[in-house]
Amino acid sequence: MTTAIHWFRKGLRLHDNPALLQAAKEAQQVYPVFMLDPHFANPAKVGQLRYAFLLETLSDLDTQLKGIGSRLYVVQGNPAERFPELFREWSVSLLTFETDTEPYAKKRDQEVCKIAETCGVTVAQHASHTLHNLDRYEAKAGASPLPKSYGPFLKLFDSLGAVPQCVETVTVDIMPQDGSAVPAGEHTVPSLDTTPYPPLANPLLYPGGETAALARMQLHLARKQWIAKFEKPKTSPNSLEPSTTVLSPYLKFGCLSSRLFYHKLAEIYKASPGHAKPPVSLHGQLLWREFFYMCGHTVPHFDRMEGNPICRQVPWDSNAQLLAAWEESRTGYPFIDAIMTQLRTEGWIHHLARHAVACFLTRGDLWQSWEAGAVVFDKYLLDADWSVNTANWMWLSCSSFFYQYFRCYSPVAFGKKTDPTGAYIRKYLPQLKNYPDKYIYEPWLAPKAVQEKAGCVVGCDYPKPIVDHKQVSKDNMDRMKAAYAAQAAGSDDDAADTPKKKKPAPKRKPAVKTQGIEAAFKRAKK
DNA sequence: GGGGCTGTTGTACGT
DNA sequence: CACGTACAACAGCCC
C-alpha cells in the first residue's frame, strides 16, 4: 500500500495538476496537504486581502476534494519542521508537489527533499505553473545567454515547440477515497478571525478559488471577439469596471492553469483571422509572465538592485515620508492617490495604473528605490507574483528591460486620455467628488472659491502636490542620464583589457545635479 | 567585430 | 481635435 502526500503550495487546483494526478494514480491513500507557513502569515508582508483570498482558495479546494471523496489537510507551521512527523504518523512513502522556481521556495523545497530522503519518502515534482518547464529555456539556449528582451524571448519560446497539453482533471474515478483516521475537525481551513488578520470589511471583489477562476475564465472566453481583438495597451487603467480579465490573482496561485488558459485562447484565435498577437494580445500577456518567470528563475539577486547583473545601478533616495505618502494616497496628485486607494482597498489595479504609480515613485517624481515600491505592491496585490512584480518594477524604473527614461508618465495628463471627467478619481477619492472636471486632476489650480464650493480645500481637506511634477521629472531625467553614464564608464573600467566602443558624446551638457541623494466584470462595455 | 538598423506597452508640443 | 514629431536608450540582429 502506497500512502502519498500531495503538497499544495501554488497550483491550488484539481485541473491540469500533474503532481496531484500522480499521487492519485499511484497511491491508495492520498493526503492533500497545505502548510500555512508562518513565513507568509505576516500582515507586514502579505496583506489582509491576499491572505483572505488564499483562505477562500483553500476552502474551495477542500470543498472540491470532498466532492471526490477526499479532503484538504491544512497544517500550521514550517514545512521542514512539520513534514517528518507527518511522514511518520501517516506512514507516507510518496511526496508529490508542483515545482516552484522562486528563491524562497527553492530553498524550502531543497530542505524538504533532503528530509524526505532521510525518511525514505520518494519525491516527485512536476513543472506545471508556467507554460513550459522553465529549465527547458536554459537547456535550449545552451551556451548563449538567455534573452533580456521580449522579442528574442519569443523566438526562444517558439523554438521549444508546442505548449504541453493539460493533464486530465483529478476526478472521483481517479482519486482514492480518503480512508484516514484523522478526525474531520482536525486540519481544517482556518477562518480569517483565527489568524493575525482583522476580519474583512467587505467581501472580496475577486473571490478566491479554482471554481471562481474557471467561472471568470469562461465568462471572458464567451466574448470571442473581445478575446481575439484584445490589445493590452488599448485597455483603460482607470475605468470603473476592470478593462482586462483580472485572471492574474488566479494565475498567481495556480487556481487557473496558465496552460489551460493558453490553449483556450488558441482555440479562439484559430477561428479569428486577424486576431491580436504578442506582445499586446492575451497570449502575449501569458508570455510576459513566462518571460519574467524565466528571468526570475535564472538571474541572480533578481529582486535587488545590488548584485543583480541585469539591473541598472541608480542612486535612489531613501525617504520614508515620501514613500509613506505614496503608499497612503497623500501625494496630492489625485490620479496617483486614487490608484493607490484602489490598490489598498481592492487588491487589484490595472497594468497601466501600476505603470503610472511605479513611474511616479521611482524615476518620474519621488526618486525612491523600485525595491521599496515592489515591497508595497507585494503586500497589497492579490496577484503579487514575485517574478512578475519584480520585473515590472525594474521595467518602470528603467532599471532593466526598458530604458527610455525620457518617456515619463504624467500624473495629470495620462489618466485624462481614458477618463477626462475623472469618474475614477471621484470613486476612490470621494473628498474630491464635487470638483469640476476642469480641476479634478489638478485641484490645486482651482480658485479658492471653487475649492470651497466643492467642499474640499487643497492643503486642508486634500494635500497639496508633494512635488512639482514638471520640475522634478526633468531633474530626474538628468539623474537617470548621469546614472546610466556612470555605469557605462564603470563597466568600461571593469573591462579595460578588452577595448570597448567609446560612449558617444552627450548632446547636452550632463547636468551635474544634486548627486545620488525613488466581481465586477459582468458586462462587456457597450 | 563594429557600425547600422529596427522595434520598443509614452508624452508634450507643434501644426 | 487629429495627427506628426522630437525626445536625454537599449538589445538584438544583420551585414
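Quick caveat, the model's predicted, so the values are computed rather than measured. Heavy-atom basis, side chains included; hydrogens, waters and symmetry copies ignored. Naming: A, B, ... by sequence-line order, numbering from 1 per chain.
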Which residues pass the side-chain contact (heavy atoms from CB on, under 4.5 Å) test with A:Ser400, not counting sequence neighbours? A:Ile310, A:Met394, A:Tyr403
Does A:Thr101 have any side chain to side chain donor-acceptor pair (under 3.5 Å) partners at least two apart in sequence or in another chain, and if so, which? none
So, are A:Glu102 and A:Arg9 salt-bridged, with charged N and O less than 4.0 Å apart? no
Rounded to whole angstroms, how far apart are NZ on A:Lys481 and C1' on C:dC7? 11 Å
NZ/A:Lys427: more than 12 non-hydrogen atoms of other groups inside 6.0 Å: yes
Given atom NE2 of A:His355 and atom C1' of B:dT8, what is their separation to the nearest angstrom? 13 Å
Partners of A:Asn392 by side-chain contact (heavy atoms from CB on, under 4.5 Å), sequence neighbours excluded? A:Phe292, A:His351, A:Val388
Whether A:Arg426 engages the ring of A:Tyr435 as a cation-pi pair (distance to the six-membered ring centre under 6.0 angstrom, angle to the ring normal within 45°) should be assessed. no
If I take atom CE in residue A:Met480 and atom P in nucleotide C:dA9, what distance separates them, rounded to the nearest angstrom? 11 Å
Name every residue in residues 278-293 of chain A that has at least one heavy atom under 4.0 Å from any atom of DNA chain B, in order of residue number, or write none if there are no such residues. A:Pro279, A:Gln285, A:Trp288
How far does the P atom of B:dT11 sit from the matching atom of C:dA11, given to the nearest Å? 23 Å
By side chain to side chain donor-acceptor pair (under 3.5 Å), which residues pair with A:His297, not counting sequence neighbours? A:Lys106, A:Asp135
If we take the C1' atom in both B:dG10 and C:dG12, what is their distance in whole Å? 22 Å
Would you say the side chains of A:Tyr137 and A:Glu290 form a donor-acceptor pair under 3.5 Å? yes
Interface polar pairs with nucleotides 11-15 of chain C, N/O, under 3.5 angstrom:
| from | atom 1 | to | atom 2 | distance (Å) |
| --- | --- | --- | --- | --- |
| C:dG12 | OP1 | A:Lys148 | N | 2.5 |

Interatomic distance where CZ belongs to A:Phe335 and P belongs to B:dG10 [whole Å]: 14 Å
Say we look at C:dC13 and B:dT9: how far apart would their P atoms be, to the nearest angstrom? 16 Å
Check side-chain contact (heavy atoms from CB on, under 4.5 Å) between A:Glu327 and all other residues, then give those that pass, not counting sequence neighbours. A:Val376, A:Lys379, A:Tyr380
Treating a pair as Watson-Crick (purine N1 to pyrimidine N3 plus N6-O4 or O6-N4) or G-U wobble (N1-O2 and O6-N3) with both distances under 3.5 Å, list the stems of 3 or more consecutive pairs that involve DNA chain C. B:2-8 with C:9-15, B:10-15 with C:2-7
Contacts of A:Ala266 that satisfy side-chain contact (heavy atoms from CB on, under 4.5 Å) - sequence neighbours left out: A:His283
Salt bridge A:Glu231-A:Lys277, side-chain N to carboxylate O under 4.0 Å: no
Nearest whole angstrom, please: distance from the C1' of C:dA8 to the CZ of A:Arg363. 12 Å
Taking atom types as modelled, find out whether A:Arg289 and A:Thr130 have a side-chain donor-acceptor pair closer than 3.5 angstrom. no
Rounded to the nearest Å, what distance is computed from the NZ atom of residue A:Lys234 to the P atom of nucleotide B:dG10? 13 Å
The ring-ring contact (aromatic ring centres under 6.0 Å, His included) partners of A:His350 (sequence neighbours excluded) come to none
Whole Å only: how far is the CE atom of A:Met477 from the C1' atom of B:dG10? 10 Å
Could you pull out the protein-nucleic contacts involving nucleotides 11-15 of chain B (nitrogen or oxygen on both sides, under 3.5 Å)?
| from | atom 1 | to | atom 2 | distance (Å) |
| --- | --- | --- | --- | --- |
| B:dT11 | OP2 | A:Lys417 | NZ | 2.6 |
| B:dA12 | OP1 | A:Ser410 | OG | 3.2 |

Suppose we screen for side chain to side chain donor-acceptor pair (under 3.5 Å). Which residues come up paired with A:Tyr424, at least two apart in sequence or across chains? A:Gln342
Expressed as a whole number of angstroms, how long is the span from A:Lys232:NZ to B:dT9:C1'? 9 Å
When the P atoms of B:dT6 and C:dT5 are considered, how many whole Å apart are they? 16 Å
